[in-house]
Amino acid sequence: MNVALARTPRLRLATIPSTFAPYALLALYASVLRLVLDHLRPGAAYFPDSWDYVVVPQEGYAPNAMHSPVVGWIWRMGTFNHLSEAHVLVLQGVFGVACTLLLYRLINRVLEPLPATLIAAAFCSIPSVLLVERTMLTESTAMLALLLALVATERSVTCRTKRAATVWLLTAAFFFGVQASIRPAFQIFAGLATIAVIATFILRRSDGRVLHRLSKGLPIAIGAGALAALPLLPLVTAYNDVYGTFTTSPAQGAVMASRFGPLLSCAAPRSDTALAKAAIAEACHETFTDPPGITTRIIWDPGAMSTALTTQADFKTTTGELSNAATAAIEHHPGAAIAQVLHGISWQLFHSPYNSLNQYWSGRGWSKGAAVAAFPNATAWFGVHEAPYSSAIPFGGAVASTLRIPQLVLYLAAILGLMNLVKNLARRKFRPTFAQPSLWLVGSLCVVLIAANVFSVAVGALPGFRYWTVLLPAIIFLVALGLPAALKRPIGQSRGRAATR
């Protein structure tokens, strides 16, 4: 009799709130928060880079060699070819809500629903997260691609059927490719992550010895690799059509030459193009100062290096010569080059992120003065009811006072990890409390993501807060793994209706 009652529809329906309530509450909270902030401070924020994501895709200019045009294509698809500030703001707001729910889904695999809900709500309230959703840049879209890839990765391990696991594997590979196509800084991580996810799938889902498993899983590996490369194909094709170089990052040579400019020999080879010689002469007279990577500013300042990135004639030759000059400088001064990279890494970990908030603005100046000729679609983009020109940005003060949140959360993740390591060593227990293979894999990928991003920034960019913001979901997941067992789900506990009976 009791068994029959336990299976009645009424009691089965009673389990729905415990399963779906956190998603509903988080979706409501995240949506209302964004609507209120939009009412209090309408309009978007713009960075100088935003020109390449807003104006260039609409006016048919050549894609910038530094900034992937993929995010503009995603905006166009997401707004059903109705590109405007208002529509992209709505789209990125939806991305923000989706990121909140995906992060909850991910950390709920580790934690009980209540702490997972509170952490996800805190994440979607962080000022820098809210800012990137209202800024016409790549961070919001890249964060969504990252979370989709991580959730799909976790599902590819936990699915009971091989068919479903294969679908999730292919989904994860595709979104790793999307992430790499949006932001070149993630390409190292995306490649390593795709290989790791494919290898884990093959070794866990196949029988027999290792070589037999690998040979049997080869078709799946090829398919997943192809899906990971698929989002990159339009990007390299576009760059090849414009610059004559089949690459995902045409600006790499100029970036390396500017980053390690003080190490360059000012005596450029006679065979170099005139533009390459001028860019090398410009970079070699720079000096290393704090913050590390400040020498890359010559890419944006008027001069030969900036011209090298925008001049299509002999582009491949010029950037190749800049890359050769940077490689030669590193080979001749390995100690100084390594010191610069280590300085960049330590700065990111222990110094406050470079505050570039003074470069954010409303973007309204693009619809006035000389910019009108370069942006004739300004009225359609901003709308007919233009707000007064203002240099203010949404909740800039709150962002400025909380720039170190990602670093502090990373410190917490490191402390918790060390505490668990010491505890396990003292007990001679080498298996962590998150023994599920899926959590091992996702946690490892989060570590690789953070390390690869920190290294990429140290090699070729200023250590700004924008890079940290995209890493927040991965850092938060690592914190969840290190929290006390009292907050975690028991190992092997199933989710959903079965878990509540």
Asker: For F123 and V129, run side-chain contact (heavy atoms from CB on, under 4.5 Å): C-alpha distance rounded to whole Å, both residues' side-chain angles, the deciding distance at 0.1 Å, then the answer.
Answerer: CA-CA 8 Å; F123 160 76; V129 173; 4.0 Å; yes
Asker: For A374, is there any backbone N or O sitting under 3.5 Å from a side-chain donor or acceptor partner on Y61?
Answerer: yes
Asker: Could you give me the CA-CA distance, side-chain angles and deciding distance for M136 and L89, then say whether side-chain contact (heavy atoms from CB on, under 4.5 Å) is met?
Answerer: CA-CA 8 Å; M136 296 298 138; L89 280 176; 3.8 Å; yes
Asker: Do I107 and T117 have side chains that approach each other closer than 4.5 Å (heavy atoms only, starting at C-beta)?
Answerer: no
Asker: Quick one: are R297 and L462 in side-chain contact, heavy atoms under 4.5 Å?
Answerer: no
Asker: Go through the steps to decide whether S352 and R404 satisfy the test side chain to side chain donor-acceptor pair (under 3.5 Å), and finish with yes or no.
Answerer: CA-CA 6 Å; S352 180; R404 303 204 68 171; 4.8 Å; no
Asker: When you take the SG atom of each Cys, C266 and C284, is the space between them under 2.5 Å?
Answerer: yes
Asker: What heavy-atom pair brings V399 and F465 nearest, and what distance separates the two atoms?
Answerer: CG1-CE1, 4.3 Å
Asker: Quick one about T273 and T318 (side-chain donor to acceptor, distance below 3.5 Å, no hydrogens or angles considered), yes or no?
Answerer: yes
Asker: List the atom of P292, the atom of Q340, and the distance in Å for their closest heavy-atom pair.
Answerer: CB-OE1, 4.5 Å
Asker: Which atoms form the tightest heavy-atom contact between L449 and A474, and what is the distance?
Answerer: CD2-CB, 3.6 Å
Asker: Atom CG of L137 and atom CD1 of I182: how far apart are they, to the nearest 0.5 Å?
Answerer: 12.5 Å
Asker: Can you list the steps and then say if D49 with R466 is a side-chain contact (heavy atoms from CB on, under 4.5 Å)?
Answerer: CA-CA 12 Å; D49 297 355; R466 290 168 49 195; 3.5 Å; yes
Asker: Could you check if a side-chain atom of I338 sits within less than 4.5 angstrom of a side-chain atom of I330, using non-hydrogen atoms only?
Answerer: no
Asker: Any side-chain to backbone donor/acceptor pair from S306 onto G303? Under 3.5 Å, distance only.
Answerer: no
Asker: How about F288: does its CZ atom have over 12 heavy atoms from other parts shown lying under 6.0 Å from it?
Answerer: yes
Asker: Could you walk me through whether D290 and H351 pass the side chain to side chain donor-acceptor pair (under 3.5 Å) test, one step at a time?
Answerer: CA-CA 11 Å; D290 289 336; H351 287 74; over 6 Å; no
Asker: Do R41 side-chain atoms and L37 backbone N/O form a donor-acceptor pair below 3.5 Å?
Answerer: no
Asker: Could you tell me whether a side-chain N or O of T245 sits under 3.5 Å from a main-chain N or O of K316, the two making a donor and an acceptor?
Answerer: no
Asker: W381 and H82: aromatic ring centres closer than 6.0 Å?
Answerer: no
Asker: Would you indicate whether the side-chain heavy atoms of D314 and L275 approach each other to under 4.5 Å?
Answerer: no
Asker: Is a side-chain N or O of R259 found less than 3.5 angstrom from the main chain of A458, in a donor-acceptor match?
Answerer: yes
Asker: With rounding to the nearest 0.5 Å, note down the distance linking CG in L33 to CG in L130.
Answerer: 5.5 Å
Asker: Side-chain contact test, heavy atoms from C-beta onward, threshold under 4.5 Å: evaluate it for L131 versus E139 and give yes or no.
Answerer: no
Asker: Answer yes or no: is there a donor N or O on one side and an acceptor on the other, between the side chain of T402 and the main chain of I405, under 3.5 Å?
Answerer: no
Asker: Show your working on side-chain contact (heavy atoms from CB on, under 4.5 Å) between L322 and M305 and close with a plain yes or no.
Answerer: CA-CA 9 Å; L322 292 175; M305 191 67 75; 3.9 Å; yes
Asker: For the pair E321 and K277, find out whether any cationic side-chain nitrogen is under 4.0 Å from an anionic carboxylate oxygen.
Answerer: no
Asker: Output the distance between atom OG1 (T141) and atom CG (L91), rounded to the nearest 0.5 Å.
Answerer: 7.0 Å
Asker: Supply the atom-to-atom distance S181 OG to L232 CG, rounded to the nearest 0.5 angstrom.
Answerer: 5.5 Å
Asker: Do R183 and S68 touch side chain to side chain, with heavy atoms closer than 4.5 Å?
Answerer: no
Asker: Evaluate side chain to side chain donor-acceptor pair (under 3.5 Å) for E85 paired with Y46, printing each intermediate quantity in order.
Answerer: CA-CA 11 Å; E85 179 185 84; Y46 294 79; 2.6 Å; yes
Asker: Once rounded to the nearest 0.5 Å, what's the spacing between atom CD1 of I415 and atom CG of L418?
Answerer: 8.0 Å
Asker: Please examine the side chains of Y29 and T100, heavy atoms only from C-beta on, and report whether any two atoms are closer than 4.5 Å.
Answerer: no
Asker: Examine distances only and state if a side-chain atom of T247 and a backbone atom of S249 form a donor-acceptor pair shorter than 3.5 Å.
Answerer: yes
Asker: Regarding Q187 and T248, do their side chains bring together a donor and an acceptor under 3.5 Å, going by distance alone?
Answerer: yes
Asker: Kindly indicate whether the side chain of W361, heavy atoms from C-beta on, has any atom under 4.5 Å from the side chain of W366.
Answerer: yes
Asker: Checking E133 side chain against S140 main chain: does a donor-acceptor pair fall under 3.5 Å?
Answerer: no
Asker: Between the side chain of S401 and the main-chain N/O of A398, is any donor-acceptor distance below 3.5 Å?
Answerer: yes
Asker: Ignoring hydrogens, what is the shortest heavy-atom contact between A380 and S84? Give both atom names and the distance.
Answerer: O-CB, 3.7 Å
Asker: To the nearest 0.5 Å, tell me how far F80 CZ sits from H87 NE2.
Answerer: 11.0 Å
Asker: Grab the two heavy atoms, one from G43 and one from D38, that are nearest each other, plus how far apart they are.
Answerer: N-OD1, 4.4 Å
Asker: Would you please indicate yes or no on a ring centroid separation below 6.0 angstrom for W347 and Y354?
Answerer: no
Asker: Does R105 make a cation-pi contact with Y23 (under 6.0 Å, within 45 degrees of the axis)?
Answerer: no
Asker: Return yes when atom CD of E286 has more than 12 non-hydrogen atoms of other residues, nucleotides or ligands closer than 6.0 Å, and no otherwise.
Answerer: yes
Asker: Take F176 and F186, measure what ring pair (Phe, Tyr, Trp, His ring centres under 6.0 Å) needs, and give me the verdict at the end.
Answerer: CA-CA 9 Å; F176 282 129; F186 287 138; over 10 Å; no
Asker: Compare every heavy atom of T79 with every heavy atom of V88, then report the nearest pair and how far apart it is.
Answerer: N-CG2, 4.1 Å
Asker: Would you say T469's side chain and S128's backbone share a donor-acceptor pair under 3.5 angstrom?
Answerer: no
